[in-house]
Structures are given as C-alpha cells and as structure tokens.
Number of protein chains: 2
Amino acid sequence: MSGERLIYLPLGGAGEIGMNAYVYGYGPKGRERLILVDLGVAFPDMDTSPGVDLIMPDISWLADKLDRLEAIFITHAHEDHIGALAHLWPTLRKPVYARKFTATIGRLKFEEYGLPKDAITTVESRPHTVEAGPFKVQFVPVAHSIPESGGLVIDTPAGRIFHSGDFKRDATPIVGEGWDDAVMEAIAAERPIKALMCDSTNVFSLHEGRSESTLKDPIAELIKNSGGMVVATTFASNVARLKTLAEAGRMADRSVCLLGRAMKRMVSAAEESGVLKDFPPVITPEQALEVPRKNLMLIVTGSQGERRAASAQLSRGKYLGIEMKEGDTFLFSSKIIPGNERGVYAIVNALSEKGVNIVDDNNGLYHVSGHANRPDLEHVHRLFLPDMLIPMHGEHRHLREHARIGLEAGIASAVVTNGMMMDITGDVPKVAEHIEAGRTYLDGSVLIGALDGVVRNRIRMALNGLAMVTVILDEQDRPLGEAWVELMGLPETGKGGRNLAETLETELTEFLDGAGRKILANDDKMDEALRKIVRQVSMEEIGKKPEVIVVVSRLAAE
Amino acid sequence: MSGERLIYLPLGGAGEIGMNAYVYGYGPKGRERLILVDLGVAFPDMDTSPGVDLIMPDISWLADKLDRLEAIFITHAHEDHIGALAHLWPTLRKPVYARKFTATIGRLKFEEYGLPKDAITTVESRPHTVEAGPFKVQFVPVAHSIPESGGLVIDTPAGRIFHSGDFKRDATPIVGEGWDDAVMEAIAAERPIKALMCDSTNVFSLHEGRSESTLKDPIAELIKNSGGMVVATTFASNVARLKTLAEAGRMADRSVCLLGRAMKRMVSAAEESGVLKDFPPVITPEQALEVPRKNLMLIVTGSQGERRAASAQLSRGKYLGIEMKEGDTFLFSSKIIPGNERGVYAIVNALSEKGVNIVDDNNGLYHVSGHANRPDLEHVHRLFLPDMLIPMHGEHRHLREHARIGLEAGIASAVVTNGMMMDITGDVPKVAEHIEAGRTYLDGSVLIGALDGVVRNRIRMALNGLAMVTVILDEQDRPLGEAWVELMGLPETGKGGRNLAETLETELTEFLDGAGRKILANDDKMDEALRKIVRQVSMEEIGKKPEVIVVVSRLAAE
C-alpha cells in the first residue's frame, strides 16, 4: 500500500454554510480514484451577487479528472447538498447514488432539465454497499430536518471514514428513522473510524438539542388558544414539521391547507418514496375559502422571507383568494437564517399592519433545529472515537470551534476549508495541496465564474450609476455633431438645478471641438479622455463618479 | 381655546428604526405653530438603496410651512436623530436646541458643511425652558448609550407631553446623569402628562434592563484571562462604554489605544462638553506598536461590520501597522443590529482565520442595550400615568406591541406611523390627516426622492445587466454601417459559446437592413423595436433580459 494515499478535498461547504461538495480520493499520488459527496448550491444576495440565480462550487478541478471520478453520492435533498447536481451533472456524467427520497427529488430535477433520470440510483441504507473504485460506501440513516438524511460510511484500503452529512441526534424525528447510538457504536466496533467528517452548523449552541417530537403538543395548544385563522410557516422540505403542524392543527379541530408549490412537491415526493405515511387529510385553497376562519389552518412556504413565497404574499395581500385579518395568528415554526432578517421582518411588519398576531419559535417551543448542538457533537465524537476529526458544513468560525472541541477531547482535529487537499492516510491530517476553489454562478441560463467581472460590473453600476457617451467622427476623424450622453441610475439634475446630461454634453463637445487629430484619431485616447471628463464633471455636479461607457463611431469612407 | 388643536405628526422613525423626525403643532387647524423634534438618518443597503449615501425623511410638508415652524429640538447625538440636520437645515433655517454634548456634535457637522454654528443653541436641562411659539420645552436627562440623551417635557396650552427620546432606566450610566424615577414623578406631579411619546425599540426584550455599571468587572476579568493583545469594539458614540472598556483594560494592566476616527471625535467632544471626565490615559497607535501584546488593549470602531472601519481592517490585515495574531482576543462589546449579520460574521470569520479568539456579548455579560426593555417601559408608563401613549422609535411590530401593553394597562394607546397626523387635543388620539411621508436620499452631493426612479434603475442594472445599442442613420434615415452593442454586467458568451454582443449586432443589423422607412424614421418605433430584439435574443442566448439603452444618431443634412 506504500505510495497510495487517502485524500479529502472540500470544494464547497467548508468555510461557509452552503454549496456543499466534498471529494475523497484513494490511490497513488495524483492518480487517486475519486468520489464526490454532495453537490449543492448557495444563494445569491444583492451585496455580493446581484442578478445571480444560484451559486455553485467551481468544479473545474474535478472536470479535469473525469477519468478518475467514480461516482457521486448525495447525502440528502436540501438545496445546499443537491441543488447544483442538475446544473453540473452534464459536466461530470457519473453515476449518482442516494437514498430513496433524495433520489426522488433528484430525478424530479433531472426531469425538469431533460437529464437521464436513470443516472440516479436509489440505494438502501446499510448494510447495502455501493462499490466505487477503491471505495465501499454505505448510507446510514441520521435524523435531520428533511426525510432520509444519510451519513456515509466510506471504507477505503486506508481505513474507514464516517462522513456525517447534516444530522441531529434525534431518536424520534417523526418522519423516517431516528438517530441510533447503537448503530453508530456498531459501525465503529466493526472497523475503527479513521476520520470523522462532521457537521459543524450548531457548534455554538450550547444546550443539548431537542427532538422534533416535542413540538406537537405546544403547537396544538397554541392553535387551540388562537381565535382567527392560523397560518404556520416552516421550510417546505421539513416534511416532519409539516406533519407535526398538520397534526397539531387537526388536534385543534382545524382543517389544514398546504400553500406553496414547494410544499406540495415535498409532501408528494415523501409519500411517493414511502417515507411519509399518515399525513393528515388536507383541503384545497378553494375549499379553505369555505371554512370558517376559526376552523382553518394554513401551512405555507416562505419562512425565510422569500419575496415570492406564500408567506410574503399573504403579508402583502391576498394569496389564492385567502387574506389574513385582524385577530389571525401567524406562526414562524422556524429560525431566521443569518442574512435573512430584513426579509423576515418585512413580513412581520406587514402582518403587524394587518393586525395579525405573530408568534416566533418562542425560544424553541415551536421549532427545533435540524443540526446537532455542541453537547450532541461531543457525544458523537465519543461514539465514534475517530483518529481524526475534520469539521465541515460551517463558516470558518464554526470549523475552528469544532476543531478546538475535538482537540480538547484528544482527537487530531484540523480546520480544513474549501480548496485544502488533505492527506489523511496517516494518523493525523496533513495539507497535501491547495486547489483553486472558487464559485460558479448560474446567471440566467449561463454558468459564469464568480471572478469573471460580470457581477463586479453590476455592483459598480448599482453603486455608481451609469453614463453612456456617444460620439460620431467623420472620415477625417472630425466630430460630426455634438457628443450625446445617456444616463441611467443617476440624478437628472446636479448643482444649481442644471441638467446633468446637458452639462456633460456641453463639456464633452467643447473638448472634442478643441481636441487635436492625435487624440481624435486614437480610440484609446478618446475613450480615456471622454471618460475622465464625464467622471470629473459628474463629481462636480452630483458628487459621484459614474461608470462610463464610451462609444466612438467612425464613419468609414466606403 | 376652542378651535385650537394639538397635533403630532411623525415624518420618520415611526414604523422603522431610523431617521427620526417628529412634528408637534398647536393652534387653529391648518395654522398650527410647529416644532420639530429630531432630524435623523437611516442607512442605505444594497437591497433597497444601492449607491445611496444616506436616507433622510422627506420634509417637504414642513418646507411648505416654514412660516409656521418655530424651532428644532435634537434629543441626542445619534445619527438616527441628528444625522440629517446638516443636510436639511439649509431648507429649514430655524433655531436648533440641544444639550451641550449634542450641540457640540451638531456644530462639528455644521462646521464641516459650512453652516452657521450659532444656529445651534446649547440648552441646560430642566428647569431651563425654551419657549417656541405656544410650546415650552425642557430637556430632561435620561440614560442611553450616548452622553446627554434628553427626554423632552413639552408644555402646550392643551397639556403636557413627555417625549421620551431614546432612553433606558439606568441610574448608574457611568457617563452623565442617570435615569431618575423621582424626577419623572415630579414632572408628572407638576402637571399631568397628557401624552407620552415613547421609545419602543426593546419592547420585545422581556427581562429588566441592566446598568452600564455592571460591565466593568466581567470585562476586566475577561481581559485578565486573555493571553495576547485584546481588541474590543463598540459604537464610537457609546462614550460610557469606551470608558468602561478603557478602565477594564487598565485594571488588567494594559495600555489602551483608541483606533478609528469616529471614536476619537466622540471622546474629545465628550471631554470638550464637560460630560466626560477621568477618561483613562491612552496611547497613540505608534506607541502601541512598542507595547508587548499582553499589555496592550485596543478599542476600535466597526462593531456593526462596517467595511472601512478599524474592526474590518484589522480582520483583513494590518491597520496603522497593528496586526492581530493567533492567541489574540477580539471582544464584541455590542449586539448585531438586524441586517448587519453578514458584515459582522465576515469579520468574525476573517479573525477566526487568523486564530484570534472571538468573544461576543455573552448573553449580556459584556454588553447592555441603551434602550428600555418591556418591564422598564411598563414601569415608565406607571410613573407618568399619561392620558395617552403613542409608541415611537420602532418598526410596526414594535409600535403595535408597545401600544398593546399600554392598552392592557388602561392607557389610550395608538399605533401611529410616519405620515399619520394625530389630533391629541382630546382624551384619546385621533387621526386628523394622512401626509405623504417619504424618504429623501443623499446621493453623492444631491438630494433625490426615494421614488424618483434613479435607485430603481440602479437595482435593475444590478439584477439584469445592461446592453447599449448604437445605431447611426444617414440623412435619408438609412442605416450607416452596422448596429453596435456594448454590454455591461452581462456574460460575454451565451449558448454554444457564441459571443453575445456579436449575436445581438447581427440580429439588430439584419432587422435594420430589412426595416421600412416608417420604422427607421420614427425614433420611438426604432427604440421599441431594437429594445425588443435585444431582450428576446438575450433571453434565448443567456436566459436573461437586460436593461437596454438605445441611441439612434441621425446625421443631419447640414
């Protein structure tokens, strides 16, 4: 086995929460056979990625090594784990393995994008094993906030890895199998765990996590004590929560209606894959209109303030004919993901204006997280007793804190971020190489690199506005008519109420009239000179230097 | 007194946290004499106001009634209360009254903008009284997170108003006078409080607030137990906190250095106005470079993640030659204001990469809020026993909750948002009129209306990118050469790797060559047709419809 090595390389998800993509490799250096675990997206925002549709890991390192890539494993169907699969699979074209619910969601996406659905193979959980080159991979049921999340037992000639996926230690997760300490102990007893790659999301939550099953009674109590219509929101993919909410609604003698496309898709995928049974009967939005408000409960999408989802639409006005009114209750059975505060509070304030009673998670009474908290992580470390711990699924601060905890417990732990290829063949993780690990944007229908400058220019236009200058020169490079200026995203008038475009045109025309042939005949010099004038004059007039596009048209002697 | 009325009209700050501006009026309907309390700013963000420098209340209602405006009162020197004064005072040109520290800050701003500093009059606190038309106004010291915050006793022929300003019930605020229940009781005993206009910021904080004075010992303890350099950040204007931090640093045997312009300006303004005494000696950044790390403490700006402030700079690299290293400690003696999470966590993660230990407020051990919590608000309601309560300084959800509490306590309470003119002459507040209460943007050196479309166009360019088309027509309206396309913020290549600009040019030129005189001769039709082609072709090529600027140049027969 000398000369062969086991490597770990996160391409996404390590140093951020989002766009998970982890590569494992085994073989001779530089010729390792590879598998990819997860291929997720992150979501754009106006600050850093305006106009972008999705953010995905840059997989060019993998794309150069397609002959070495054996397979893709998807741990669960959250967008940050599966969301990039349909977009990047055409580059990779390798078999995809997932548990049934995840595979169902994956195939829906493949269908939407015209990709071969049979590229995705449904895998039973352990002891069922997928062989992929030197890797033997088993899916181990773990509890999370979506059905059938899977940890992976990855057996390699160099040892056994446990890749946790996203998980919480919940023995009674309502939907699907719960976390089972005995199963994990058996895995470690069967073969020692060389490396534990572990979810770090909730490492700063100091109390032990609570089970999904603790929510139903308090929520039912809340609904019983509410007068008007009750609307509850949570993540559409949290099928267990949907069931809890629906059952709580039924306990409180209410008809339940699901609103929002994503929610219905998730419930039917869960039913189709057999993981969801006994979902309480629901009524259609049309039927809901006929039900007295005090007997009605809606379960809706948009818990994170998404502008187009049902929550936002209900906060602004009617949605499918249904309108919230004074005395109704809106329950956020969710937590705000950092960065979404503005969107969520916009909904809360709009609902407040309607006189709706707003109820938040009430310190965990009406919501529990899907990730393991610190005491649970520590417990899992002890269960597996790995040689090494590599925290994943976290920002740098999460990874570092998680590694600190591991080190304190005597486990060789390393903070490994996107692009750091680790050699984990030995007893401790060692940095083998640094890979350029960037981001790819899905922008409309095009994939662009995050550093291509496209988005940077959008941000500049948003911050500075745009001035566009058109100049026509005749065959002898003499200005034909005056310079023409169009503005966008800039105030019309500047100092003393002067029209900015006109002021710019006057200054530019004056310059052109006085400019020598040397400048007029030279495109670069013209561009530079005109740009400079626009920026200087704008600065004087409006205190701002816009982005400038200069178009010099030269009439050719034809 | 019949026919005279007392009105209250928030122009900003009611229905949002930011840009406070409250108008009071007394007199015959439509001829009330007016005073303005506070004139603050709100801060722009990329989502709603990219490129904007400051957001201010739209004061056009006031600007139309300058002959009726008597004076401006500024309760304290936070930007959301004083920040718009220098920008909008040239429109109002009325005497400004403030307590000494606030006046000092105001005059610094007036100096910067070349405005007459003597427009700002320093006012002693109660019993000193400013007469402004029918209003008699006294400043009452309240505790807050900046020196010399003032509540206002506003006496009118129709009764006494208490305008709380921003406050907390802190009897030992370290700097300046504390909140004094006895003073408030005396005010209410002297003349019954008709209306209490009251800070609502912390109405959702259910525990009683803690005093600034509880922080020093735990912070000193933290610093003593820290190995390397200690850096602490808080709001620059929180002079009491700066003093607490500096004293805690001294208690832990460290030299203290203040970093960040805002911080030094605040401390010297506080010393100049006499409110700050005995600030521990500080060293310069140059001296700091000579001090062993374990004996050094920096107090820096940028607790909210501001990209250019000292915190952000230290997280990215050196600042004034000082660099954070592994084992150093960074203390956020602050809370994240909702919406600033991304910026703050960017700093935390960058510091984490450097190996710095990051300490947050630790559930209030190292930070206390400057606003009254719910039990404190309830206590204040009981102290003043007002006829009516009008919550202010809050988003709708805060105002509504605060009003609910008031109603429960038997006080006539109303949710009043920006633009709602209330008649408060009688026993209960009544809506008198709705005013158009918008926002004004400071954009570079220009004031623009939030709805002018300038910012909307910036957002559109950021989301959609921009295509600019230039077409030249000859004297007979025939195309001269080909259409020219410039792109900004758009991918260069679309489907099948085709160059997008070239594809657009080909399609546009083809259209022009086939277009009839009727279209070619008509600017509007040309614009519409070319725009449509650009959007359609772009949609096919890149899945996105850009913003389009069309410039048709017609060569005139001269």
Side-chain angles (χ1 to χ4, degrees), chain A residues 15 45-47 50-51 338-339 341-342 345 348-353 355 358 395-397 399-400 417 443-446 448 452 454-455 457-466 468 470 472 480-481 484 486 488-495 538-539 541-544 547 549 551 553 555-556, chain B residues 15 45-47 50-51 338-339 341-342 345 348-353 355 358 395-397 399-400 417 443-446 448 452 454-455 457-466 468 470 472 480-481 484 486 488-495 538-539 541-544 547 549 551 553 555-556:
Chain A
D45 59 61
M46 273 298 278
D47 289 280
E341 289 77 7
R342 283 207 189 99
Y345 286 126
V348 171
N349 284 314
L351 290 172
S352 177
E353 286 182 36
I358 297 129
E395 298 170 12
H396 196 281
R397 62 195 176 106
L399 305 182
R400 181 157 164 257
T417 53
D443 190 61
S445 55
V446 181
I448 56 179
D452 287 2
V454 171
V455 167
N457 279 341
R458 283 186 203 155
I459 293 172
R460 284 188 179 163
M461 288 191 289
L463 292 176
N464 306 325
L466 181 91
M468 173 186 147
T470 315
I472 305 177
L480 250 177
W484 182 261
E486 293 273 348
M488 196 152 180
L490 288 171
E492 259 182 54
T493 51
K495 261 202 313 216
S538 299
M539 193 65 205
E541 293 290 314
I542 60 166
K544 213 171 171 96
E547 300 304 301
I549 298 179
V551 177
S553 304
L555 297 189
Chain B
D45 59 62
M46 272 298 278
D47 288 282
E341 289 78 6
R342 283 210 188 96
Y345 286 127
V348 171
N349 284 313
L351 291 171
S352 178
E353 286 182 37
I358 297 129
E395 298 171 11
H396 195 281
R397 61 194 177 107
L399 303 183
R400 181 157 162 255
T417 53
D443 190 60
S445 54
V446 180
I448 56 179
D452 286 1
V454 171
V455 167
N457 280 341
R458 284 186 202 155
I459 293 172
R460 284 188 179 164
M461 289 192 288
L463 292 176
N464 307 324
L466 181 89
M468 173 186 145
T470 317
I472 305 177
L480 252 178
W484 183 261
E486 294 272 348
M488 195 152 182
L490 288 170
E492 258 183 51
T493 53
K495 261 201 315 217
S538 298
M539 193 66 205
E541 293 290 313
I542 59 166
K544 215 173 168 94
E547 299 303 300
I549 299 179
V551 177
S553 302
L555 297 188

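Here is the naming used below: chain letters follow the sequence lines, and residue numbers restart at 1 for every chain.
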Q) Where does Glu547(A) contact chain B at under 4.5 Å (heavy atoms): side chain, backbone, both or neither? A) side chain
Q: Taking the side chain as every heavy atom from C-beta outward, state whether Asp443(A) and Pro491(B) have any atom pair closer than 4.5 Å.
A: yes
**Q.** Which portion of Thr493(B) sits near chain A, non-hydrogen atoms under 4.5 angstrom
**A.** backbone
Q. Hey, does Met461(B) have a side-chain heavy atom less than 4.5 Å from the side chain of Arg458(A)?
A. no
Q. Given a strict heavy-atom distance threshold of 4.5 Å, which part of Ile542(A) is in contact with chain B: side chain, backbone, both, or neither?
A. both
Q) Side chains of Leu466(B) and Ile549(A): closer than 4.5 Å at any heavy-atom pair? A) yes
Q. Side chains of Ile459(A) and Met46(B): closer than 4.5 Å at any heavy-atom pair?
A. yes
Q) Which distance, rounded to the nearest 0.5 Å, do you find between the CD of Glu486(A) and the CE of Met468(B)? A) 8.5 Å
Q: Quick one: which of Asn457(A), Asn464(A), Ile472(A), Val454(A) has the most heavy-atom pairs under 4.5 Å with chain B, could you say?
A: Val454(A)
Q. Looking at Glu541(A), Arg460(A), Glu353(A), which has the largest count of heavy-atom pairs under 4.5 Å with chain B?
A. Glu353(A)
Q. Given side chains that start at C-beta, do those of Leu555(A) and Leu555(B) come closer than 4.5 Å, heavy atoms only?
A. yes
Q: Output the option from Met488(A), Glu395(A), Met539(A) having the highest count of non-hydrogen pairs under 4.5 Å with chain B.
A: Met488(A)
Q: Find the one option among Asp45(A), Val348(A), Asp452(A) whose heavy-atom pairs under 4.5 Å with chain B are most numerous.
A: Asp45(A)
Q.
Rounded at 0.5 Å granularity, tell me how far CZ in Arg397(B) sits from OG in Ser352(A).
A. 9.0 Å
Q.
I want to check something: taking the side chain as every heavy atom from C-beta on, are Thr470(A) and Ser553(B) in contact at a cut-off of under 4.5 Å?
A. yes
Q) Can any side-chain N or O of Lys544(B) pair as donor or acceptor with the backbone N or O of Val446(A) at less than 3.5 Å? A) no
Q: Report yes or no: does Arg400(A) contribute a side-chain atom to a donor-acceptor pair with the main-chain N or O of Gly355(B) at less than 3.5 Å?
A: yes
Q: Quick one: which of Gly543(A), Gly15(A), Gly489(A) has the most heavy-atom pairs under 4.5 Å with chain B, could you say?
A: Gly489(A)
Q) Does Glu492(B) reach the side chain of Ile448(A), with side-chain heavy atoms less than 4.5 Å apart? A) no
Q | Any donor-acceptor N/O pair, Lys495(B) side chain to Ser445(A) backbone, under 3.5 Å | A | no
Q | Minimal non-hydrogen separation, Asp47(A) against Arg342(B), with atom names | A | OD2-NH1, 4.1 Å
